[in-house]
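Take a look at the structure set out below.
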Amino acid sequence: MADDEADADFNSSDYELLGRPARPGRPLKVAIAGGGVGGLTAALCMLKKGFDVTVYEKTAAFARFGGPIQFASNALSVIKEIDEELFERVMDKFTFTGTRACGIKDGLRADGSFRMTNDSLDYLWNPEAPADWFVKFPLRQCADLFGLPYTGVIDRPDLQEILLDECRKIKPDFIQNGNPVNGYVSKGKGNGVTVNLADGTTAEADVLVGSDGIWSAIRAQMYGEEIKKSSNNALKRQGCTYSGYTVFAGETVLKTEDYYETGYKVYIGPQRYFVTSDVGDGRVQWYAFFALPPGTKKAPSGWGGTERTAQNDSEENLVDYIKSLHQGWSDEVMTVLDSTPPDSVEQRDLYDRPPELLRSWADGNVVLIGDAVHPMMPNLGQGGCQAIEDAFVLSGNAGGMRIYSKVGGCFAGLLQKAYRSCQYCAVPQSSWKSYLTFFWKPILQYAIFPAQFAYLYSYHPTGNMGGLPSALEAKWKKQHEEDAEMAFNRVEEEGQSTRGPSFFKIAESETVLAAKKM
């Protein structure tokens with residue numbers, strides 16, 4: 001009724017009716033900058049609502065690049081609400097981690113046997129109690145609270161192919177590769193936006209969605225930043241602050257004693273932490289975080305930039321280097337590193353910025369989503385999840401518009417209201433002492449972490465899914481073990497192999513202009 005009353009206020013000679021599949025009027029024309037997780041999800045949501053969507057992507061052509069990406073229960077609920085077939089296809093490629101033990105381990109005192117210990121509090125009075133596990137995350141319990149599928153991972157190339165295919169079913173030519181958006185002209189309420197492309201051409205749209213990542217060209221124009229401009233000491237870059245950490249990443253096939261019992265583990269210690277995760281097919285993905293100055297480059301970035309030949313010592317064994325930074329650490333960390341092919345290791349510096357809670361995420365007919373406006377540190381594994389939520393909320397709001405006059409005011413403040421930032425998962429600091437973590441364990445185990453994950457999972461548009469999560473786990477479990485055992489046998493016979501880049505992100509390629517020169 002409210003929409004009908006508002007529609008009565010507009011002059012039909014000035015504004016057009018916007019159509020949807022079951023409603024007369026022309027489709028809303030949407031341009032999306034960036035074909036990552038957020039951009040492709042936004043494209044699919046909007047195509048399903050009958051919008052005319054075009055994605056402008058930097059890469060000249062998509063290829064199978066990228067490591068696994070984590071989807072928590074809240075993101076899986078959104079995916080299922082977007083499209084049932086999309087959800088089923090994601091589940092077919094999914095590896096559940098939240099069904100098993102996940103949490104924080106002592107990087108120095110874990111005894112090297114990959115043993116499982118319980119969550120009793122007898123360490124408070126029993127000096128012989130195991131010191132391996134600090135705390136375990138209640139991922140399964142919080143998912144069960146809302147009746148949601150369990151946290152897990154999917155290979156980014158698989159996710160990308162699924163999203164591309166689902167979008168092409170609706171609009172085969174929805175994406176333009178190799179010609180990214182580098183600016184825009186918002187022409188005011190009801191007049192759309194001119195999209196400036198890298199090859200010098202322009203495109204017209206009603207709405208521009210900036211989903212082009214942390215170094216967003218759309219964000220740079222909106223907030224008056226200079227793209228990727230760094231301070232002399234590299235502590236600042238396009239409005240981002242260096243987090244104090246650089247991260248190395250690698251992958252190996254390794255059967256540990258706890259492989260089927262654990263999902264992911266965070267080993268913590270002074271000025272560094274080491275994360276391992278089961279990512280399916282017997283593979284263990286790891287990340288090593290070090291408190292080092294920015295620009296301490298040892299490995300290729302996998303970020304569209306450096307190669308080994310550009311490093312100070314291109315022949316250095318990167319696994320040996322990372323081990324040297326973990327002297328005195330648990331043999332569990334060393335075992336994972338020893339089984340990793342050195343040539344597979346990558347690295348990038350971590351930059352972060354606080355959420356934009358005061359400035360609008362929109363400029364007239366232009367809006368930012370995902371890392372372009374609220375990049376997240378990897379502590380919670382929520383970067384892709386929040387981008388998906390952004391896309392879902394944005395398309396839902398845009399789908400409610402009936403007249404073009406509303407386009408300009410549709411986005412201001414919308415995503416800020418929906419975005420739920422979680423900022424209390426701290427990065428281990430240089431003053432870390434293990435006894436403090438033990439002292440706080442009861443509060444972390446039984447109050448902080450349950451509240452944190454319950455808060456994240458509280459956004460679940462599907463509602464309670466009943467017995468579906470358990471059924472999905474049961475179907476996956478048997479296949480997971482069969483696939484893993486095949487991988488373990490293959491490595492025993494043939495040895496480890498180096499997978500293609502990148503663990504961090506689809507590698508950036510040259511624009512279509514450069515491609516034409518080849």
Side-chain angles (χ1 to χ4, degrees), residues 36-38 65-75 95 97-98 102-105 107 134-135 137 139 151-156 159 213-215 237 240-251 262-269 271-279 283-292 294 296 299 301-303 322 333 336 345-355 370-390 419-429 432 449 452-453 455-456 501-506:
V37 173
F65 289 118
I69 180 173
Q70 176 173 291
F71 279 164
S73 300
N74 53 306
T95 296
T97 55
C102 299
I104 301 173
K105 296 195 74 173
F134 285 151
V135 65
F137 301 142
L139 302 182
T151 292
V153 298
I154 181 173
D155 281 341
R156 193 181 297 267
L159 175 64
I214 188 171
W215 312 123
R237 190 180 189 193
C240 294
T241 302
Y242 180 58
S243 67
Y245 282 79
T246 190
V247 57
F248 292 82
E251 187 177 285
T262 56
Y264 67 82
K265 297 170 285 186
V266 183
Y267 297 85
I268 63 173
Q271 296 187 308
R272 61 210 61 195
Y273 59 112
F274 189 89
V275 182
T276 65
S277 176
D278 175 14
V279 293
R283 295 173 295 146
V284 174
Q285 181 190 33
W286 58 262
Y287 292 101
F289 298 80
F290 299 106
L292 295 172
T296 310
S301 68
W303 198 259
I322 296 169
V333 172
V336 172
V345 178
E346 295 176 350
Q347 176 192 9
R348 69 179 170 96
D349 294 336
L350 293 177
Y351 285 82
D352 194 17
R353 58 162 57 95
D371 283 351
V373 71
H374 53 71
M376 302 188 72
M377 293 289 285
N379 304 65
L380 283 180
Q382 278 284 325
C385 302
Q386 295 298 318
I388 287 173
E389 288 189 6
D390 284 356
Y419 178 57
R420 304 187 320 280
S421 59
C422 283
Q423 318 223 13
Y424 41 82
C425 187
V427 174
Q429 301 297 318
W432 172 90
F449 285 129
Q452 173 178 283
F453 289 107
Y455 179 64
L456 285 168
S502 158
F503 296 101
F504 298 123
K505 183 183 175 184
I506 299 169

* **V284 vs V279, side-chain contact (heavy atoms from CB on, under 4.5 Å): CA-CA, chis, key distance, verdict** => CA-CA 6 Å; V284 174; V279 293; over 6 Å; no
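- Qualifying side chain to side chain contact (heavy atoms under 4.5 Å, CB included) partners for T296, counting only residues two or more places apart in sequence or in other chains: L292, P293, Y321.
- Contact of the T95 side chain with the D278 side chain is registered, since non-hydrogen atoms from C-beta on lie closer than 4.5 Å.
- Counting only heavy atoms from C-beta outward, the side chains of R156 and P68 never approach each other to under 4.5 Å.
- Looking only at side-chain heavy atoms (C-beta outward), W286 and S277 stay at 4.5 Å or farther from each other.
- Side-chain contact check for L350 versus F289: some heavy-atom pair is nearer than 4.5 Å.
- R283 contributes atom CZ, which lies 4.5 Å from atom CD of E251 (distance to the nearest 0.5 angstrom).
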* Asked: Stepwise, does the side-chain contact (heavy atoms from CB on, under 4.5 Å) test hold for Y267 with V275?
  -> CA-CA 6 Å; Y267 297 85; V275 182; over 6 Å; no
* Asked: Would F274 and V266 count as a side-chain contact (heavy atoms from CB on, under 4.5 Å) if you check the C-alpha gap in whole Å, the side-chain angles of each, and the deciding distance to 0.1 Å?
  -> CA-CA 6 Å; F274 189 89; V266 183; over 6 Å; no
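- Atom-to-atom distance recorded for Q347:CD and Y287:OH is 13.5 Å, nearest 0.5 angstrom.
- Using a 4.5 Å heavy-atom threshold, the side chains of V153 and I69 count as separate.
- When the side chain to side chain contact (heavy atoms under 4.5 Å, CB included) test is applied to Q382, the partners found at least two apart in sequence or on another chain are A72, N74, M376, L380, C385, Q386, L456.
- Side-chain contact between D371 and W215 is absent, with no heavy-atom pair separated by less than 4.5 Å.
- The aromatic rings of Y273 and Y245 lie perpendicular to each other, with more than 60° between the two planes, well past the 30° mark.
- Listed by chain and number, the residues in a side chain to side chain contact (heavy atoms under 4.5 Å, CB included) with P294 are A234, L235, Y242, D349, Y351 (sequence neighbours excluded).
- When side chains are defined from C-beta on, C240 counts as touching I214, because their heavy atoms get closer than 4.5 Å.
- No side-chain donor-acceptor contact under 3.5 Å links Q70 and T151.
- Across A372 and R353, no two heavy atoms sit closer than the pair O-NH1, 4.3 Å.
- Ring planes of F449 and F137: perpendicular class, angle over 60° (limits at 30 and 60°).
- Side chain of D390 to main chain of G370: a donor-acceptor pair is present (N/O by atom type, distance under 3.5 Å, no hydrogens or angles).
- The structure places SG of C102 at 10.0 Å from NZ of K265, a figure rounded to the nearest 0.5 Å.
- The backbone N or O of Y264 lies less than 3.5 Å from no partner atom in the side chain of T97, so there is not a single donor-acceptor pair.
- Side-chain contact check for F290 versus V247: every heavy-atom pair is 4.5 Å or farther apart.
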